[in-house]
Amino acid sequence: MSGTIAELRRKIDSAGELQSVVRTMKAMAASSIGQYERAVHALDDYYLTVQLALSAGFRQMPTPLQDSGAQRGDRGKIVALVFGSDQGLVGQFNETLVEFTVTTLNAMPEDKTIWTIGERIQSRLAETPLPLDQRFALPISIDAITALVGQVLLALEAAREVGGVAQVFLFHNAPTAGSVYTPTVQRLLPLDEAWQHDLVALPWPTRNLPEVLQLGESALLAFVREYLFVSLFRTCAQSLASENASRLAAMQRAEKNIDELMDDLNRSFHRLRQNGIDEELFDLISGFEALAPNKPTPKEIPCV
């Protein structure tokens with residue numbers, strides 16, 4: 001009995017230590033979500049501002065802006081940038097995105113290559129038939145996203161210079177209302193006439209159409225570079241916000257399971273302890289009765 005009680009005590013202590021770790025991870029995820037959600041909200045507004053700037057510029061351009069890749073005749077290959085996680089404890093965050101990425105890319109007949117951001121997503125995609133190429137480290141803060149975006153843009157430009165890159169797609173999990181996240185895909189390149197036409201068709205927020213002063217190709221290219229930068233930055237921020245939301249949800253489930261486990265262990269511990277106390281009391285009473293002198297029977301009582 002004592003061995004069983006000692007074993008339960010060790011399990012209770014281990015569950016308490018695990019509960020402390022889970023609560024720490026939960027607090028860290030909750031703290032990170034706030035900064036990433038604020039960044040995503042601000043970037044949504046800025047992304048729309050850049051789109052409106054491009055829309056105003058394309059309205060005044062006599063001819064569509066020619067994409068450098070289209071001018072070189074790049075055809076066929078698709079680069080898929082997949083944003084995952086570097087750390088675990090995120091539930092089905094990476095698995096859901098891998099399934100969505102594989103399904104989406106299998107529907108495209110062109111040649112494909114995968115660039116990954118995050119070690120966990122890279123290991124998951126390595127188990128699929130999709131060919132993997134470059135990989136990047138995932139930022140651990142908002143401030144570090146800028147460096148990642150710069151690395152990705154330089155790598156994309158170098159790949160397009162040697163030819164063979166026709167399209168670039170961004171795959172990531174985005175936070176949505178009513179659920180923790182949803183797998184999403186966005187085409188980043190090429191900046192073709194169809195993309196420019198869609199921007200021109202954007203409704204202007206006021207009744208007065210804008211006019212861009214001293215508009216030239218250099219100014220428009222500056223808007224395009226800002227569009228590419230903010231698209232990648234926004235995608236990374238959305239992915240990080242979704243990752244921490246997924247981790248928070250996983251930690252909440254783990255905390256609930258640990259609480260239920262500790263309740264069961266404590267009930268079992270107290271029941272075994274009470275049974276042990278009862279057995280000791282019964283043994284004590286039995287021993288006392290066995291050692292007590294025999295009481296005289298009624299026949300042995302002398303008459304007065």
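Numbering starts at 1 and runs along the sequence shown.
- The shortest side-chain heavy-atom distance between Leu170 and Val185 does not fall under the 4.5 Å cut-off.
- Taking a cutoff of 4.0 Å between a charged side-chain nitrogen and a carboxylate oxygen, Arg120 and Asp86 do not qualify as a salt bridge.
- Atom NE2 of His172 is separated from atom OG1 of Thr101 by 11.0 Å, given to the nearest 0.5 angstrom.
- In this structure, CD1 on Ile33 lies 11.5 Å from CZ on Arg38, to the nearest 0.5 angstrom.
- Separating the CD1 atom in Ile5 from the CZ atom in Phe269 is a distance of 6.0 Å, to the nearest 0.5 Å.
- Note: the hydrophobic cluster containing Leu97 also contains Leu125 (ILVMFWY, side chain heavy atoms under 4.5 Å, direct or indirect links).
- Going from atom CD of Gln134 over to atom CD1 of Ile114 covers 12.5 Å, rounded to the nearest 0.5 Å.
- Counted within 6.0 Å of CD on Glu99, heavy atoms from surrounding residues, nucleotides or ligands total 12 or fewer; the atom is thus considered open.
- Counting heavy atoms from C-beta on, the side chains of Gln167 and Glu110 come closer than 4.5 Å.
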task = For Ser239 and Asn173, run side-chain hydrogen bond (donor to acceptor under 3.5 Å, both in side chains): C-alpha distance rounded to whole Å, both residues' side-chain angles, the deciding distance at 0.1 Å, then the answer.
result = CA-CA 5 Å; Ser239 178; Asn173 287 314; 6.0 Å; no

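- At a threshold of 4.5 Å between side-chain heavy atoms, the hydrophobic network of Ile, Leu, Val, Met, Phe, Trp and Tyr places Phe171 and Val40 in two separate groups.
- Across all their heavy atoms, Leu148 and Ala137 have their closest contact at CD1-O, 3.8 Å.
- Within the 4.5 Å cutoff, the side chain of Gln51 has heavy atoms near those of the Leu48 side chain.
- The closest side-chain heavy-atom distance from Ile78 to Met108 is below 4.5 Å.
- Annotation for Pro183 and Thr96: closest pair CG-CG2, 3.6 Å, computed over non-hydrogen atoms.
- Taken to the nearest 0.5 Å, the CG atom of Asn94 stands 3.5 Å off from the OG atom of Ser85.
- Note on residues 241-256: pairs passing salt bridge (Lys or Arg N to Asp or Glu O under 4.0 Å), not counting sequence neighbours, are Arg23-Glu255, Lys26-Glu255, Glu243-Arg247.
- In this structure, Pro203 and Leu52 approach most closely via the heavy-atom pair O-CD2, 4.2 Å.
- Cluster annotation: Leu240 is not connected to Leu248 through the hydrophobic network of ILVMFWY side chains, with a link wherever side-chain heavy atoms come within less than 4.5 Å.
- The two atoms that bring Ala237 and Leu43 nearest to each other are CB-CD1, 3.9 Å, heavy atoms only.
- Screening Val152, Thr146, Leu153 for a side chain to side chain contact (heavy atoms under 4.5 Å, CB included) with Val149, the sole residue that qualifies is Leu153.
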Go through Asn244 and Glu37 one step at a time and tell me if the side-chain hydrogen bond (donor to acceptor under 3.5 Å, both in side chains) criterion holds.
-> CA-CA 10 Å; Asn244 281 277; Glu37 286 183 342; over 6 Å; no

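- One N or O on the side chain of Lys112 and one on the backbone of Leu105 form a donor-acceptor pair closer than 3.5 Å.
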task: Could you give me the CA-CA distance, side-chain angles and deciding distance for Leu265 and His270, then say whether side-chain contact (heavy atoms from CB on, under 4.5 Å) is met?
output: CA-CA 9 Å; Leu265 291 174; His270 291 306; over 6 Å; no

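- Each of Phe83, Phe100, Tyr181 was compared with Phe93 under the ring-ring contact (aromatic ring centres under 6.0 Å, His included) criterion, and only Tyr181 meets it.
- By the 4.5 Å heavy-atom criterion applied to side chains, Thr235 and Thr184 are not counted as neighbours.
- For Gln35, the CD atom counts as densely surrounded, since its 6.0 Å shell holds more than 12 non-hydrogen atoms of other residues, nucleotides or ligands.
- Among all heavy-atom pairs drawn from Leu188 and Ser231, the shortest one is CD1-CB, 3.7 Å.
- Glu119 is not listed as a side-chain neighbour of Leu138, based on a closest heavy-atom distance of 4.5 Å or more.
- Ile140 and Met251 sit in two unconnected hydrophobic clusters of ILVMFWY residues. Membership requires side-chain heavy atoms under 4.5 Å apart, directly or through other members.
- Under the 3.5 Å distance criterion, the side-chain polar atoms of Ser246 are left unmatched by any main-chain donor or acceptor of Ser242.
- Salt-bridge check for Asp192 with Arg187: passed, with a basic side-chain N closer than 4.0 Å to an acidic carboxylate O.
- Note: Trp115 and Phe169 fail the aromatic proximity criterion, with ring centroids not under 6.0 Å apart.
- Rounding to the nearest 0.5 Å places CE of Met28 at 10.5 Å from CG of Leu89.
- The side-chain heavy atoms of Ile117 and Val82, taken from C-beta on, include no pair separated by under 4.5 Å.
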Apply salt bridge (charged side-chain N to carboxylate O under 4.0 Å, His left out) to Glu95 and Arg124, showing your working.
-> CA-CA 7 Å; Glu95 288 76 7; Arg124 298 295 189 277; 2.8 Å; yes

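- Contact between Ala249 and Val180 at its shortest, heavy atoms only, is CB-CG2, 4.4 Å.
- Within the structure, every pair that satisfies the ring-ring contact (aromatic ring centres under 6.0 Å, His included) test and touches residues 28-55, not counting sequence neighbours, is listed here: Tyr47-Tyr227.
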**Prompt:** Yes or no on side-chain contact (heavy atoms from CB on, under 4.5 Å) for His197 and Glu193, after CA distance, side-chain angles and deciding distance?
**Reply:** CA-CA 6 Å; His197 181 270; Glu193 292 187 22; over 6 Å; no

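- Note on Phe58: it clusters hydrophobically with Leu189, by side-chain heavy-atom contacts below 4.5 Å among ILVMFWY residues.
- Under the 4.5 Å side-chain criterion, counting only non-hydrogen atoms from C-beta, Gln186 is not in contact with Leu81.
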